[in-house]
Each structure stands twice: as C-alpha cells, then as structure tokens.
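Before any comments, here is the structure.
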Number of protein chains: 2
Amino acid sequence: MKSAAKAQQAEDSAETGAQQIRDAIREAIVERRLSPGTKLSESDVGNLFNVSRTLARAALQALSYEGLVSVEKNRGAFVAYPSPDEARQIFSARRLVEPGILREAAARITPDDITHLRQLLLEEGRLMSERGQTARRAEIKASGDFHLMLAAISGNSIMQRFMEELVARSSLVIALYGQSTASSCGHSEHGDIISAIEADELDRACQLMLDHIAHIEADLDLRERKSLGLKEAFEL
Amino acid sequence: MKSAAKAQQAEDSAETGAQQIRDAIREAIVERRLSPGTKLSESDVGNLFNVSRTLARAALQALSYEGLVSVEKNRGAFVAYPSPDEARQIFSARRLVEPGILREAAARITPDDITHLRQLLLEEGRLMSERGQTARRAEIKASGDFHLMLAAISGNSIMQRFMEELVARSSLVIALYGQSTASSCGHSEHGDIISAIEADELDRACQLMLDHIAHIEADLDLRERKSLGLKEAFEL
DNA sequence: GTGCAAAACATCGTATACAATCTTGCCACC
DNA sequence: GGTGGCAAGATTGTATACGATGTTTTGCAC
C-alpha cells in the first residue's frame, strides 16, 4: 500500500478513544451487525466499550455527522434509518461523483495500483463463494473497498472521505431496501471497470461505473415503509 | 424561500447549544473574522459563549470534522490552515461536483428559484460597491451563497451539505492565498451562469461554471508558506 | 554566556455528578 | 371501562473535577 493511493492518511496513530469507538461502531454498521433503527444509548455504548458516557457521546455525535446514526434531541441515538428519499439522494450523489473520481484515478493510476485492485477483486470473489455470516460481512466490506480504493487512487483526500461516507450509507440503504440475496454489488462489473481503465477507454469505464451504480439501485425496493412506527420493528 | 430549494433542512429549531456555537464559529471563519491558524482553546471558546468546556469541545470537534478547524492532540484547536495541496484538492473537488450539481439544479429549477437567484446577485452587486469591513464580509458570504443555492435547488441535501463544506473551506483558502483585492468570485460570472440556465444551454452553463472555478483558483498564489512558525503570524 | 534539565504552567482527555427533558406506568375520575 | 393527568423512572444535556500530556520558563552547571 505505498502506491499513488493513500498519499494522505498520515494522521497520528494514537487515536483518541472516541475515534476508536466511532470506528468500531461504524464498522459494525457497515458490516450490518447493527440494523438500522437500533437504539444506541450513550450509557450502553459506554459500558460496552468500558468508557464513560462522555466518549460514547462524542463517538455517536461524530457518526451522526457522517449520517450513519441519527441523534434525536433528548431521545437518544439510533442507527440511521434512511428514508427512500434519502436513499435516492445517496445514489444520486454517487452517480454524480464516481465518474469524476474514476477519471481522476485513471489519470494517476500506477501498475501497482492495478495490482492491488485486482487483488481486492480476487479476495472479493473468494468471499462470495464462501458461506457463513462472517464471509458475507467481509464480502460487503470488500465490495465497498473497491470504490474506496478508486477514491484513494484519485489522490483527493476530500473526495475520498466523501466516498467513505457515501459507501457506508449505501450499505445501510442496501440493508434496508435490498431485495436480492446477492447483497453487495455485482462482482464482475468491478472487473470490467478495471479492464476499461487499463485499456484507457475512459468514457467506457465511466459508463460502466454508472451502469454499475444503476444496477445496485435497481435491486432496491424503495417503497415507503410506514413512516410512523418504523422503529417498533426493532423494539418488538 | 419555499421553492424547490430548501426542500430539506427541516430539523428542529431547538439547536443543542453546541450547534449554535459551531455555527457561530463557522460563520466567523467563513466571513474571515477569524484568520487561519488562530488558536481556539476550549476554555476560551467556552468563556466567550458562556458555556462549559464540554460544549466548546463538542463544537470544535464538529468543526474539525468539517475541515474548518484542526485539532492537535493535547495541543489545542486552530482555525484550519489549509496547505497548498489541500487547497488544490478543495478546488479539484469543486470542479468535480459543481457541474453535476448545476445539471441537477437546472432540471428542477422553478421560476421562483430564478427570481431568488437573481435577488441574491443583486444583493451581491450592491455589497460589492459598498465600502467597509461589514459589507466586505457580507459580500463574501453572498458570493458563496450563490453556489450553495444551486446546491439547494438541486434537491440533494447530501450534495448540499458537501458543498457547504467546500465553500467554507474555499473561503479559508482564498483568505490565505488570494491575491486580488476582489476577494470573492467574479460577480458577473454568476449572472452568466444563471442566464445560461435560463436559456436551457446546459453544456454552456457547466462550462461557465468550470471557468468560474478556474478563475477563482487562478487568483491564488499557491506557494508553500514556511510550514513552521505559521501561527506566530497571528500571535504577534 | 550558553546549553540542558527539571519544575511550573497551560491545555487537553476522560470521568463523574447534577439538572432538564422525555417516556412510562399507575391511579383517580369521568 | 376508558381517559386524563400525575408521578416515577430512564435518558440525554451540561457542568465541574481530576488526571495526563505538551510547552514554556527558570535555574543551575559548565
């Protein structure tokens, strides 16, 4: 991992407690160990990680800023439960930025990067064939990592962070509205995109990316769940 | 303000203290009352707003997440001092997303929205001709508001929030590296973009937007300031 | 006079404590 | 029996307190 990717991301290794908790919860959400709508009370989170409410609260507020949890005043924090409209906005945003990211990434990509991308795909394919919850979770993560790696290669850490947010929130949306069992994105499409980049067919790569995002979105059933009483589903 | 714009932004009016402080500081940064590098100690901020360090800290951490302040472990928070590289990334991100936002906005724009945009422009022009610090500050804000309003019209609250971040950070970059006295963006270019939208010449509008961003960037002198001793400039 | 070391200071990191607000369950009253 | 209100519990909002870490200053030795 010393290629054009990850040019940024220097920041001191010593994360300040709250950040560790934030990352842990985020990972749990992205890997769907935490379902949308589950309550994340400050005390519970604090007890779980053996820290005070202060840190738990800080972590939850950070996640709130990323759109992964929603904190309701005087009521508590919950794993975000994106509305169909929100879901559409998330994918609309991805359609908006990912082609651009792809173009920038293609301009700076190194053979090393391509190797790593293909490695990621291999891993992803391996996980897809495996059975079991843990493999499924790892697959979800790997599938998102493809998009994140492109963002990393683009060399723009701002867009990278934005993509991290979008991918994480996409995971929530798919957990909520996804229909097919093939939870994540179509694996082969990732490979096609890489090939198009390698072949320097940039326009085609962008189109493939748009199609790819459209395919993910097409698998969603974005009908409004009863807007009231949505959280009861978890408390029953 | 009841047009296609601001479809979102419902959230309870009762902001939770920390958010008020965050907004106040952000406004101060965007309007350049706070210079890059200025120290924002938790105690000082707390005293200033007559709240405890707890809230001050929360506000600073939120701003840190937006990239407007950088908190250094055990050292304190400072108004962000974007490096030339960061500055380039910010504008690169804007070139990446603003044409897309413009396209979406054009697709949903109402006559009402156009009226408001032109109103904004009028206000901006008026402020440009005025003298004085407060007018200058208002002008800076108005200039950014044009871009933000387009994002609002696009109806995508995620992109809107992202643009808010980018515009705010742009203000910091311009404060640091801007050369011409005409601090903000070229006023007339905003009008040209609106006209192009009205005329349904979408491609031209996008090109104008790209040119516009390029013009802002061209006014910057992105040479590395001595990385050490940057904060002394404010403490002397 | 210069350089290093140690202590004093300032600031952040985290925990705990109390107040405000919302929810829930119970009881009286209609 | 149902409904309204009131009180008890739970949870968040904010403040204060203490410990940890980094910075600066001071004092001593060379």
Side-chain angles (χ1 to χ4, degrees), chain A residues 10-25 34 37-65 68-81 228-236, chain B residues 10-25 34 37-66 68-81 227-236:
Chain A
E11 57 183 340
D12 325 3
S13 54
E15 286 191 327
T16 172
Q19 285 169 308
Q20 292 182 18
I21 297 172
R22 165 173 63 77
D23 293 343
I25 297 180
L34 284 171
T38 38
K39 170 148 188 153
L40 301 172
S41 95
E42 297 177 353
S43 319
D44 291 352
V45 172
N47 289 338
L48 189 57
F49 291 93
N50 284 99
V51 295
S52 78
R53 265 186 55 221
T54 307
L55 292 189
R57 183 184 179 78
L60 289 173
Q61 292 211 279
L63 288 167
S64 149
Y65 197 83
L68 289 183
V69 318
S70 70
V71 301
E72 299 176 28
K73 198 169 145 69
N74 278 316
R75 284 198 16 90
F78 304 83
V79 178
Y81 197 103
L228 292 175
L230 41 76
K231 62 177 179 295
E232 285 81 347
F234 308 92
E235 290 166 3
L236 284 185
Chain B
E11 57 184 341
D12 325 4
S13 54
E15 287 190 324
T16 171
Q19 286 170 308
Q20 291 182 19
I21 298 172
R22 164 172 63 79
D23 293 343
I25 298 180
L34 284 171
T38 320
K39 171 151 188 147
L40 301 172
S41 94
E42 296 177 353
S43 320
D44 291 352
V45 173
N47 289 338
L48 188 57
F49 291 92
N50 285 99
V51 295
S52 76
R53 265 185 55 220
T54 306
L55 292 189
R57 182 185 179 78
L60 290 173
Q61 292 211 281
L63 288 167
S64 149
Y65 197 84
E66 299 179 36
L68 288 182
V69 318
S70 69
V71 302
E72 300 176 26
K73 203 170 142 70
N74 279 316
R75 280 195 21 84
F78 304 84
V79 178
Y81 196 103
S227 54
L228 290 176
L230 39 77
K231 64 174 180 295
E232 284 80 346
F234 307 94
E235 292 167 1
L236 284 186

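These figures come from a predicted structure and were not determined experimentally. Below, read A as the first sequence line, B as the second, and so on, with proteins coming before strands; counting in each chain starts at 1.
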Item to check | N/O donor-acceptor pair, side chain Ser43(A) with base dT12(D), under 3.5 angstrom | outcome: no
Checklist entry - Between Thr54(A) and Gly76(A), which has a closest nucleotide on DNA chain D that is more 5'? => result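 Going by which nucleotide is closer to the 5' end, it is Gly76(A).
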Checklist entry - Within the structure shown, what part of the strands sits under 4.0 Å from Ser41(B) by heavy-atom distance: base, sugar-phosphate, or nothing? => result sugar-phosphate
Checklist entry - What is the nucleic acid contact for Val71(A), judged by heavy atoms within less than 4.0 Å: base, sugar-phosphate only, or nothing? => result nothing
Item to check | Considering all heavy atoms, the nearest Gly46(B)-Ala56(B) contact | outcome: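 Shortest heavy-atom separation between Gly46(B) and Ala56(B) comes out as N-CB, 3.6 Å.
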Checklist outcome for this item: Note: Leu60(B) and Val69(B) closest approach over all heavy atoms is O-CG2, 3.4 Å
Length of the line joining [X]:[atom1] and [N]:[atom2], which is rounded to integer Å:
X	N	atom1	atom2	answer
Arg57(B)	dG13(D)	CZ	P	17 Å
Leu60(A)	dT11(D)	CG	P	14 Å
Lys39(B)	dT23(D)	NZ	C1'	9 Å
Glu72(A)	dT11(D)	CD	P	15 Å
Phe49(B)	dA15(D)	CZ	C1'	18 Å
Asn74(B)	dT23(D)	CG	C1'	11 Å
Arg75(B)	dA20(D)	CZ	C1'	16 Å
Glu42(A)	dG13(D)	CD	P	6 Å

Checklist entry - Of the nucleotides dG13(D), dT14(C), dA15(D), which one has an atom closest to the side chain of Arg53(B)? => result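 Given the options dG13(D), dT14(C), dA15(D), the side chain of Arg53(B) is closest to dT14(C).
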